[in-house]
Student: 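Okay, handing you the structure first.
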Amino acid sequence: MSSKKSNLKSEIRELHKLLQDALEVEHATIPPYFTAWLSIKEGHNHESKEIIRSVLLEEMLHLTLAANLLNAIDGKPNLTHPDFVPRYPHILPHSGGHFEINIEKFSQSALKVFLQIERPEAKKALPEAEGFDTIGQFYAYVKEKLDKLCDEHGEQKVFCGDINLQIRPEDYYGSGSVVVVTNRNTAHDAIETIVEQGEGAHEGIFDKDHNIFGPGDGKELAHYYRFMEIHLGRHFKKGDTPRSGPHGSPLKVYFDEVYPLSMNMHKSDYPKGSEKRKALEKFSSGYNELLVALEEAFNGHRSGLTEAIARMFSLRNQALSLIQTPLGKGKGTLGLDFTSPTG
Amino acid sequence: MSKHYDAVIVGGGVIGALTAKILSEGGKSVLILEAGIEGAMKPSNYQKYLRTLYTEGGVRGMPNGPYPWNSAAPSPAIPSAPTVRGEDDPYFVFDTPKHFMSDYLRMLGGTTLHWQGTSLRLVPNDFRMKSVYQKGIDWPISYDDLEPAYRRAEYELGVSADVEDQIFFGVWFPKGYVFPMHGLPQSRVDHYFKAALKKQSVRLHGGQYPLKVIPIPVARNSTPNPKYGIYAGYDPVSMVSNRDRGLRCQGNSSCMPLCPVQAKYSALKTLNELENSSQVEVRTQCVATRLILDEATNKIAFVEYNRYQNPDSPRHTVEMAKGTLIVLAANAIENATLLLASGSSPKGLANSSDQVGRNLMDHPYLYTWGYSSKRVYPFRGPDTTSGVESLRDGKFRKVHASFRASLSNWGWSSEPGHQLSSLLQEKTYGKQLRKTLAENMARMVKIGFMFEQLPSQKNRVTISPDYKDAMGNYRPVFSYHYDSYSLAGAEAAVNKVWKKISECAKIEDHTDYPDPAPSGYQRVSFNGKSYNIMGSGHIVGTHRMGRNKKHSVTDRNMKTWDHPNLYVVGAGNQVTIGTANPTLTAAALAIRAAEAMLRELQ
């Protein structure tokens, strides 16, 4: 830590950039998790489907928490700039760049990528400005920066955002409670929720006493271990550790009870004006309208979240009919394109 | 001898669960004996019942539709029940005509596994019908007495409403009170009627009554009200064992009988809260058969019950449960038949007043329907979100029943079959069929009128040695009819109120009561006109409370007059039925009773 007092304005500006990155990182997991979840046919793989859904919902909470953090320090959450929705395959920023994320159906290879995304923070890894290996390290860096600024300039100067922009528990529901961020403590709460739901409490990777559970009632596994259960086809039980692996009851997974949607489909895969192209365009416009609605909700129009949720239901139905559209014998079904209509 | 509990509760529905919750919060030990199976409490079973509901069309529209038959602890109106020659139902026994058409469910969670969720309070005059209108009798308690318990019930059930909509006919709330959650949004159907009936009124027996459409309070999760503070804020309660589901009503138009995400309250939620309590033990598949009296003290010494392993077989073992207090919370019918089956006298126990099983009341229910003048897009949201509540009280109650009109969000019925089959008969096919269906279905409106009934000695449930179930327990035998007070209400509803509503809202009336009445309806004639009436499942009155032991079964705290350690709790305590769907009131009564029990146990 430098002994010289930092420049508040420029430091806050860097934090704005980092938290905008956080928004984008959290969002980038939503299309792939959503697609894998939706691809699982009803009635089969009920447990796997619920597991992926629970993670997907928590990523939506994380997106909202990142927006609250950004608003708390007077930033401006942006969900609509041209690159906000990445083109898949996509390399997740601040993840070490070791793996690509795809928009693909539920499968072992998709699960392997999901495990990479949620990989727990390495033991005693120091927060770094660039090239974080895990999302946990990235947030640790954000937290340390926030703490340093609070120490030097006082909490009030750092958390100078408009409190009315904060999404509150009455606005948001599901996957635990949203945290209204107004000071150092609540910022810590928000960051811990994100990190612990994802990776578990960081006692060190695969340590004997590493806590595989996230926050809350102690019954919920962190994302990484939830995905591990599906990957290995077995539940964790009380007393299991990361090193021991899961020793609970078996979890039956049927990888063929899944809609065979095409990976990383893009509207340009079909000629302009064709039926398939129109269907893909309609979904991508709908998805990007949803992002507009969310951006408005994060920028003062809180009640708009309710309407955004109605859009989510209708998009789910639209997406389902896309991935049920066959492309001919042996060619699977249509996929999903989340990029902006012009992207 | 088995463990001695502070309280043994018979029945694991909403009344038993709330009583157990309050007693255990006070540090008391509780045993709940549930006659039915664990059933829907198990998440995989809940999903199974949902699948049955979605895939077996025949069970739709039936409150007990998705639930399995249980020969050891039967429930009425189970579609998969074996048919018995010459009998309407393998469990209920009817005199003729079969006027009593309501049901309930014997399974852990009870009838909240098929209720609608409507959570209206009674209005103050419902408690004093005799002194105000010279009809029925007065309660031993007033609205004011029950008001605090209503608030607690609204917390426990998770009721969504806005206070300003609910202040009418003297219903009051303490200053600053808000419901746990804001009201659900009103549907397009609601807005259509609201606009059409603005400033409209109807004349009933010399009085002019507005036709005011207001949102109804429901036990369905909605947006929490941040101002709610009585019980330290309100967190909507999720689906049992899935904290991510059911935190808001999603508007699935399929929540009767089962909400797909459990945004609608059921007693499963309260039971789930008690799961880790060391104070509460729940035993399912235990049918209480008799209360055993200690002649010396006149107290109930034991509850005798039959424990069975297999719902398909009457085989069981006989066991006893012992408690300082004994609480019957098995619903108005089962509470009554259990009392009648107990003791050595033919009158049963707790029955020195001879009122056990009598004063059986329900809300006779009548539909009217038609096409609206513009599209209202039904089949969205819960089955009802608003009602005309302005006819629930008034001087006309000296002459005929009060009533409420519930606006249906689900068109003419829960299925388009009615419309579809008539179009097919007209040989409409293909695009034309789709177009006509879309056009017609978007304009379907239906109103359900429910009428109050007066308490009557003749309307009763009783038991007979001639009618027993497979395990040898008494089946309920009904003697029940509608009187002219209710039917005159129905006449006013159809001929005055529906007429006025359909005029103002430009409804193309399609109301038709075919003869013979379809299954589930009873044909009733009054003043030269016939109506097809059904039951509401609002079963009340069979062990009413009262001021003295001569005319009532329990005192104002629901303790029986005859036995110093026996409470009988539930909608059966209601003295009159009013026009509120009874679960909220029954829950409030249970809360009042449990508080009295706690005082007694201290």
Side-chain angles (χ1 to χ4, degrees), chain A residues 33 37 41-47 49-62 163-164 166-178 180 197 213-221 223 226 249 251-252 297 302-314 316-317, chain B residues 42-48 50-55 158 160 162 178-185 187-188 220-229 232-254 260-263 272-273 275-276 377 380-381:
Chain A
Y33 290 167
W37 167 72
K41 292 178 181 172
E42 281 297 338
H44 305 281
N45 293 320
H46 180 73
E47 273 189 274
K49 190 158 185 162
E50 273 302 314
I51 287 173
I52 297 175
R53 181 179 179 274
S54 69
V55 175
L56 172 63
L57 289 181
E58 287 180 4
E59 296 300 346
M60 296 183 188
L61 174 68
H62 299 176
I163 190 169
N164 290 315
Q166 295 287 313
I167 300 294
R168 296 153 196 239
E170 65 264 29
D171 305 317
Y172 191 93
Y173 63 94
S175 54
S177 197
V178 74
V180 172
Q197 282 188 340
F213 297 101
D217 54 12
K219 282 185 191 164
E220 188 107 285
L221 285 169
H223 295 183
R226 276 183 250 174
S249 54
L251 193 168
K252 277 200 170 172
R302 289 190 283 126
S303 61
L305 262 190
T306 310
E307 199 201 321
I309 290 163
R311 282 174 189 274
M312 292 177 202
F313 278 103
S314 105
R316 175 197 65 184
N317 295 342
Chain B
K42 207 172 151 192
S44 59
N45 281 342
Y46 197 92
Q47 295 305 322
K48 191 169 85 187
L50 276 174
R51 275 200 300 281
T52 306
L53 187 64
Y54 300 153
T55 54
S160 297
D162 293 302
V178 297
F179 284 89
M181 292 166 282
H182 286 295
L184 287 177
S187 67
R188 282 173 194 251
R220 262 187 195 84
N221 286 335
S222 164
T223 307
N225 191 330
K227 290 189 190 135
Y228 187 80
Y234 189 82
D235 244 347
V237 182
S238 71
M239 178 184 246
V240 170
S241 30
N242 190 333
R243 62 165 194 163
D244 290 333
R245 278 196 195 270
L247 294 167
R248 299 290 188 278
C249 171
Q250 304 179 342
N252 287 295
S253 51
S254 61
V261 297
Q262 293 183 13
N272 189 49
E273 270 181 69
E275 202 168 56
N276 294 324
Y377 303 100
R380 302 202 292 189

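By convention in this document, chain letters (A, B, ...) are assigned in the order of the sequence lines, proteins followed by strands, and residues within each chain are numbered from 1. Note that the coordinates shown come from a computational prediction; the quantities given were computed from them, not determined experimentally.
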Student: Contact between A:Lys252 and A:Glu47 at the side-chain level, heavy atoms closer than 4.5 Å - yes or no?
Tutor: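 Answer no - side chains too far apart.
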
Student: Tell me if a side-chain donor or acceptor on B:Asn252 pairs with a main-chain N or O of B:Gly381 at a distance below 3.5 Å.
Tutor: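 No: the side chain of B:Asn252 does not pair with the backbone of B:Gly381.
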
Student: Can you tell me which portion of A:Arg168 sits under 4.5 Å from chain B's heavy atoms? Options are side chain, backbone, both or neither.
Tutor: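 The answer is neither part of A:Arg168.
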
Student: Which bit of B:Asn225 is near chain A, if near means a heavy-atom gap under 4.5 Å: side chain, backbone, both or neither?
Tutor: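 For B:Asn225, neither part sits under 4.5 Å from chain A.
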
Student: So, A:Glu58 and B:Arg243, do they make that salt bridge, N to O below 4.0 Å?
Tutor: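 Counted as a salt bridge, because a side-chain N and a carboxylate O are separated by less than 4.0 Å.
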
Student: Side chain, backbone, both or neither: which part of A:Glu42 has a heavy atom under 4.5 Å from chain B?
Tutor: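 Neither; nothing under 4.5 Å.
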
Student: Should B:Arg245 and A:Arg53 count as side-chain neighbours, where that means a heavy-atom distance under 4.5 Å?
Tutor: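 Yes; the side chains approach each other to less than 4.5 Å.
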
